[in-house]
There are 2 protein chains.
Amino acid sequence: MARAGLSAEILTKAGAELADQVGFDQVTVTEVARRFDVKVASLYSHVKSSQDLKVRIALLALTELADRAADAIAGRAGRDALAAFAEAYRGYAREHPGRYQATRLRLDPETAAASAAPRHAQLTRAILRGYHLPEPDQTHAVRLLGGAFHGYIELEAAGGFAHTPVDPQASWDWIVDSLDALLRARADH
Amino acid sequence: MARAGLSAEILTKAGAELADQVGFDQVTVTEVARRFDVKVASLYSHVKSSQDLKVRIALLALTELADRAADAIAGRAGRDALAAFAEAYRGYAREHPGRYQATRLRLDPETAAASAAPRHAQLTRAILRGYHLPEPDQTHAVRLLGGAFHGYIELEAAGGFAHTPVDPQASWDWIVDSLDALLRARADH
DNA sequence: TTAATTTGCCTAAATCGTTTAGGCAAATGG
DNA sequence: CCATTTGCCTAAACGATTTAGGCAAATTAA
């Protein structure tokens, strides 16, 4: 009987693709096994459980998203950096909806600390350097930006904007502009 | 055999309480049945499916949340209204985490349109009246506020603020202040 | 090259949640 | 008080998760 060449990494990749196709909550070890034409039990040599697979997908997505955001802000500052950062998040969520959903999986504290999640906060702080905010304002601003971008993406994905004839891209640009102005105003004070 | 006095409404209520205790994604017809000391199959006379039960919980939560927000902004305007509105959302999410999670369930368009979801947008527009924003800016602002409040609540619930020693309440107040200033600045233009 | 060991995928079976079909008894109402 | 409706039941199928134990392929060492 030929071997399928499975590994935790390969299963995680496949799970991520499955998530993008059918939604993260529809990811199941059974379906992943089907895609490799392998019996379900075989996956349990590589991942501990269904939950373990989901956590691995979440960690993958967090890393990909942080890499993309880091790329986006490299060589930019101020408003440019903010816009590029925002676009990185929104673009990733559009191209990889299932993976983006995965980034919201609740991780236990140790796993979260060891994940790319802290990098996301660091990247946000990198952008804020251009606005010269004192603490604790900088922390407040990290939370504002994280929440605003994430919340917008989620509402948009949930179809919350479908019943109003205003281009979501126009709203997004307006919001980025407004947040930039907000941060500059806070810097002055 | 005595009857348990079930109904769709009672099951929905129980499901909502269960959600607050164990998380919305852990809500199962099996567990609800257990709580009424009734066989699982009995629930299927009242709800069509497990999904149907979840949708009902989501609709209940959306209504409760809209009612609370409406109460909060009654008799207030401008910054006061904005702060009260924000507090209504955050308070509901803290007191009823499972129900709040339920409000994010993806509903099909008809169900969403018939739900309290449009009321949420209307309430936000009511607040924005105090800022005299022209269209399409008002729509942009609805999306900004919805996204920012929702995103903040979700990041906070996910434990995203745990590793920074800055009081989440202080950040929340700072954000509400900042958004108020942002909206007033946009009104001037 | 072959023997020993590890690794990878298998079969089998238990557990749990969902869902449908069909039945009996309690409530309801003429 | 009899007929009908309603509410909860038993029984059973299905699908996802998970564990135990086995055999064969891959790897390594003699």
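Just the heavy atoms: all of them, side chains too, but no hydrogens, waters or symmetry mates, feed the values below. Letters A, B, ... are given to chains in the order of the sequence lines, protein chains preceding strands, and every chain is numbered from 1.
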Check: protein-nucleotides 4-7 of chain D nitrogen or oxygen pairs below 3.5 Å:
unit_1: D/dT6; atom_1: O2; unit_2: B/Arg3; atom_2: NH2; d: 2.9
unit_1: D/dG7; atom_1: O4'; unit_2: B/Arg3; atom_2: NE; d: 3.4
unit_1: D/dG7; atom_1: O4'; unit_2: B/Arg3; atom_2: NH1; d: 2.6

What protein N or O atoms touch nucleotides 20-24 of chain C N or O atoms at under 3.5 angstrom, if any, and at what distances?
none

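Taking both residues in full, the closest heavy atoms of A/His140 and B/Val166 are given as CE1-CG1, 3.5 Å, listed atom of the first, atom of the second, then distance. Between A/Ala61 and A/Arg99 the shortest heavy-atom distance is CB-O, 3.3 Å.
With rounding to whole Å, B/Asp25 atom CG is found 15 Å from C/dG17 atom C1'. As a whole-Å value, the separation of A/Lys39 NZ from C/dC10 P is 7 Å. Atom CD of A/Gln51 is separated from atom C1' of D/dA16 by 14 Å (rounded to the nearest Å). Straight-line distance from the CG atom of B/Leu53 to the P atom of C/dT19: 10 Å, rounded to whole Å.
Contact between the side-chain N/O atoms of B/Ser42 and the OP1/OP2 oxygens of D/dC9 is found at a separation under 4.0 Å. A/Thr30 has a side-chain polar atom (N or O) that falls below the 4.0 Å cut-off from OP1 or OP2 of D/dT17. In this model, the phosphate group of D/dA16 is not approached by any side-chain N or O of A/Ser50 to a distance below 4.0 Å at OP1 or OP2. The side chain of A/Arg34 places no N or O atom within less than 4.0 Å of a non-bridging phosphate oxygen (OP1 or OP2) of D/dG15.
Between A/Phe161 and A/Tyr152, a ring centre-to-centre spacing shorter than 6.0 Å is recorded. Between B/Phe149 and B/Trp172, the ring center distance clears the sub-6.0 Å criterion. Annotation: B/His96 is in aromatic contact with B/Tyr92 [ring centroid separation under 6.0 Å].
Salt-bridge formation is detected for the pair B/Glu156/B/Arg94: a Lys NZ or Arg NE/NH1/NH2 atom is positioned less than 4.0 Å from an Asp or Glu carboxylate oxygen. Look at B/Glu154 and A/Arg106 and you find no salt bridge, because none of the NZ, NE, NH1 or NH2 atoms lies under 4.0 Å from a carboxylate O.
Here D/dC8 is the nucleotide among D/dT17, C/dC9, D/dC8 with the atom lying nearest to any side-chain atom of B/Val38.
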Exercise. Which is it for B/Glu31 and B/Arg35 under the salt bridge (charged side-chain N to carboxylate O under 4.0 Å, His left out) test, yes or no, and what are the steps along the way?
Worked result: CA-CA 6 Å; B/Glu31 182 56 32; B/Arg35 300 203 162 199; 3.4 Å; yes
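Proximity of a side-chain donor or acceptor of B/Asp180 to a complementary backbone N or O of B/Leu82 within less than 3.5 Å is not detected.
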